[in-house]
Each structure stands twice: as C-alpha cells, then as structure tokens.
Protein chains: 2
Amino acid sequence: MMSSCRFAFAVHVLAVLASEKTDCCSSSRLARTVNTNPVVIRRLLIELQQAGLISTLRGPRGGAVLKRKPEKVTLREIHQAVEPGDTFGAHPNEPSPECPVGKKIARVMGRIQTRANRALARELETMTLADVLRELRRP
Amino acid sequence: MMSSCRFAFAVHVLAVLASEKTDCCSSSRLARTVNTNPVVIRRLLIELQQAGLISTLRGPRGGAVLKRKPEKVTLREIHQAVEPGDTFGAHPNEPSPECPVGKKIARVMGRIQTRANRALARELETMTLADVLRELRRP
DNA sequence: TGATTTGTAACAGAATAAGTTACATTAGAT
DNA sequence: ATCTAATGTAACTTATTCTGTTACAAATCA
C-alpha cells in the first residue's frame, strides 16, 4: 500500500499549532520541524483550511492558526481532510461479465470498502488532537 | 492514498476458487475473469499460498485449489496476506529533534497507526469468504 | 517425450507523491 | 507609499510503486 504521509504531516502540524503560544506559525517554521519543504506544508494547510480546522493569514507576521480547541478536533476529521482516498483499491480494469463472480464482484467489494472505511473512521473518531498533545507531553 | 488493487484481486480469485466445481483452476483462467495478466495472478497466488489459504500444482491439469472451507477464511487473512502495508504512511524524513513535537511525534503516530490497523483488522475479521459467496449469489 | 502449468526474473509504462523553484498576490510595518 | 515577509499556485523533477508484459527454467502428467 503506497500510502502517503500527509496524515502524519497534518497531525504533526496541528500539534505544533496547538502547542505554540504565538498565534501565527509560518509554513517555513512548520516545514523546519516536520523536515520538509514549505510548499509541501502550504499545500497541506490549504486542505486543513478547507476542512475548517485552521485559518491562514498572508503578509508579514502571517501564517496558520488553529481555529478550534484541540479537544474538538478528532483525528478522523484530520484524516478525512488530507487523505480522501479509500482504504484499499478497486479493480483497475472491469472484470469479465462472462464470469458469475466477475459480474458482481464490484458491488460486493464496494460494500466491504464501505465497512472498512467506516471502521477506520470510527476508531479515529475516538482520538482528538488533545489526546495527541497529552501523549507528546508524557516522558 | 495510492492503494493497490491486490486485495480486490485476491478476494475475486478466492471467490472463483470457492465457487468452481473443478478442483484446479489455472492462472490463465483466473486472469481472464479478473481481466489481467496471468503473471499478476501467479504473483498473487504465491502470497495466498504462503498464507496457507490455497495450494498450487504444476504441470498439465495444474492450478490453484482452496485449502480451507470458505467459512473458515476471513477477509482479514486475505487482506493481511496480500497487503502487508500500514493504514497510512509515516514521516519519510526524520522530524526535527529540536522541536518538542518533532522529538516525540513518531512514537505517538506509531500508536495511532497500531490502533487504526487493529480497527481495520477487527472489521475484516467479521467477514468470511462464505459471506462474499452469499452476497455474490444475491440478485 | 511432449504438452502444459507454475515460478521467477527482467523490464516497460503509468500513476502518484514528495520535493523544488519561481513568481504573483496580499498585507503588515516603518 | 514602500518595503518586507508571508501565502497561494503553477510547473517541473525525481523517486517510488504498481500493474502489465515477455521470456524462460522447472515441474508434472499423459
């Protein structure tokens, strides 16, 4: 599964925003702590902004701010904001309609997909950004 | 998430093996119903074999056979056999140890990863190949 | 012995993601 | 007003991964 690291980056970024005293944090500073390029961070910030988790400000002294209390941000929201994909991939080419299995497998896999996605979402819903901060503070 | 279609292929292949009367099914025939190349199927069969789900036979009249009753094959086993990866990716580059968040984020993300993987596995554990066959038979 | 199938190596092509450079746009500060 | 510093965004490179394909050795049955 060639999964992206965007979820890990997003949790990292939001944890920094939540733990920082300063109200604005620039993409350069975030990029330094994540150890990547500022543009990668800015692309991520746009998605987090569209999800309503942060807001950004241009110009000097600009940057990103958390819009909600950490207790009110679930990992599910973060995941959904930056990893829109499914848990696993579907058939790339249409299976043979000649075969009784091939004819209906897509529908069945679709249901399995839905249940898998929901199970993952349920688990991520039980954890918030505040839990992440608590874990980060532990020795 | 650039997820592979190997899980979908594997469920498809095993469903065909479970529903076929003939005891052996060649990679060519399986490839035709999945609509892909026989080598892709053979690579998949090796993984399913290593997981103990099927056995294969060389030579004429050779092919693959299901080793267990469909009721005894969970989707979790199938998934684990062909998609060894994690639910989401980790930081590709080590985060800055200067930053209090960067210093510990890997450990926290690891725990989240574990919980996500387990939640997915739990859900897939509740479904068997027999359930897939039942769904396939429904109009 | 011959035919057929798996196992496997090697490679092509496509897709995806991260990283990078460059620049227009915006907005605060002096 | 002007300078400066930040976001937003486009374009491109590079690396990785996956599927698909060809080719062939090894195995096995008739």
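Convention: sequence-line order gives letters A, B, ...; per-chain numbering from 1. For the numbers below, each heavy atom of this structure counts, side chains included, while hydrogens, waters and symmetry mates do not.
- Residues meeting the ring pair (Phe, Tyr, Trp, His ring centres under 6.0 Å) test with A:Phe9, sequence neighbours left out: B:His91.
- Contact annotation: A:Ser27 reaches the phosphate of D:dT7 (side-chain N/O to OP1 or OP2, under 4.0 Å).
- Of the two residues near DNA chain C, A:Gly59 and A:Asn35, the one whose nearest nucleotide lies more 5' is A:Asn35.
- Rounded to whole angstrom, the span from the CZ atom of A:Arg42 across to the P atom of D:dT7 amounts to 6 Å.
- Look at CD1 on A:Ile41: it is 15 Å from P on D:dA6, rounded to the nearest Å.
- A straight line from CG of A:Asn37 to P of D:dT7 spans 12 Å, rounded to a whole angstrom.
- Under 4.0 angstrom from either OP1 or OP2 of D:dT7 there lies no side-chain N or O belonging to A:Gln49.
- Look at CZ on A:Arg58: it is 7 Å from P on D:dT9, rounded to the nearest Å.
- Within the 4.0 Å cut-off from OP1 or OP2 of D:dG20, at least one side-chain nitrogen or oxygen of B:Thr36 is found.
- Among the candidates A:Leu124, A:Thr126, A:Thr128, the single residue satisfying the side chain to side chain contact (heavy atoms under 4.5 Å, CB included) test with A:Arg76 is A:Leu124.
- The distance between atom CG of B:Leu45 and atom C1' of C:dT5, rounded to the nearest whole Å, is 12 Å.
- Between A:Asn93 and the phosphate of D:dG20, there is a side-chain N or O to OP1/OP2 separation shorter than 4.0 Å.
- Sorted by first and then second residue, the side chain to side chain donor-acceptor pair (under 3.5 Å) pairs with a member in residues 93-112 of chain A read A:Arg111-B:Glu135; sequence neighbours excluded.
- Going from atom CD1 of B:Ile54 over to atom C1' of C:dT6 covers 11 Å, rounded to whole Å.
- Looking at heavy-atom distances under 4.0 Å, A:Gly63 makes contact with sugar-phosphate atoms alone, never a base.
- For the pair B:Phe9 CZ and D:dG20 C1', the computed distance is 10 Å after rounding to whole Å.
- At least one side-chain nitrogen or oxygen of A:Thr56 sits closer than 4.0 Å to the OP1 or OP2 atom of D:dG8.
- Residue order along DNA chain C, read from the 5' end via each residue's closest nucleotide, puts A:Arg43 first among A:Leu57 and A:Arg43.
- Nearest to the side chain of B:Pro92, among C:dG7, C:dA18, C:dT20, sits C:dA18.
- Between A:Arg61 and D:dT4 there is no side-chain N or O to OP1 or OP2 distance below 4.0 Å.
- Counting only distance, with no hydrogens or angles, the side chain of B:Asn37 and the backbone of B:Ala31 share no donor-acceptor pair below 3.5 Å.
- Nearest-nucleotide mapping onto DNA chain D: of B:Pro60 and B:Cys5, the residue sitting toward the 5' end is B:Cys5.
- Checking C:dG7, C:dG19, C:dA9 against the side-chain heavy atoms of A:Val40 singles out C:dG19 as nearest.
- In this entry the distance linking CG of A:Asp86 with P of C:dT16 reads 14 Å, nearest Å.
- Using a cut-off of 4.0 Å between Lys/Arg side-chain N and Asp/Glu carboxylate O, B:Arg122 and A:Glu123 are scored as salt-bridged.
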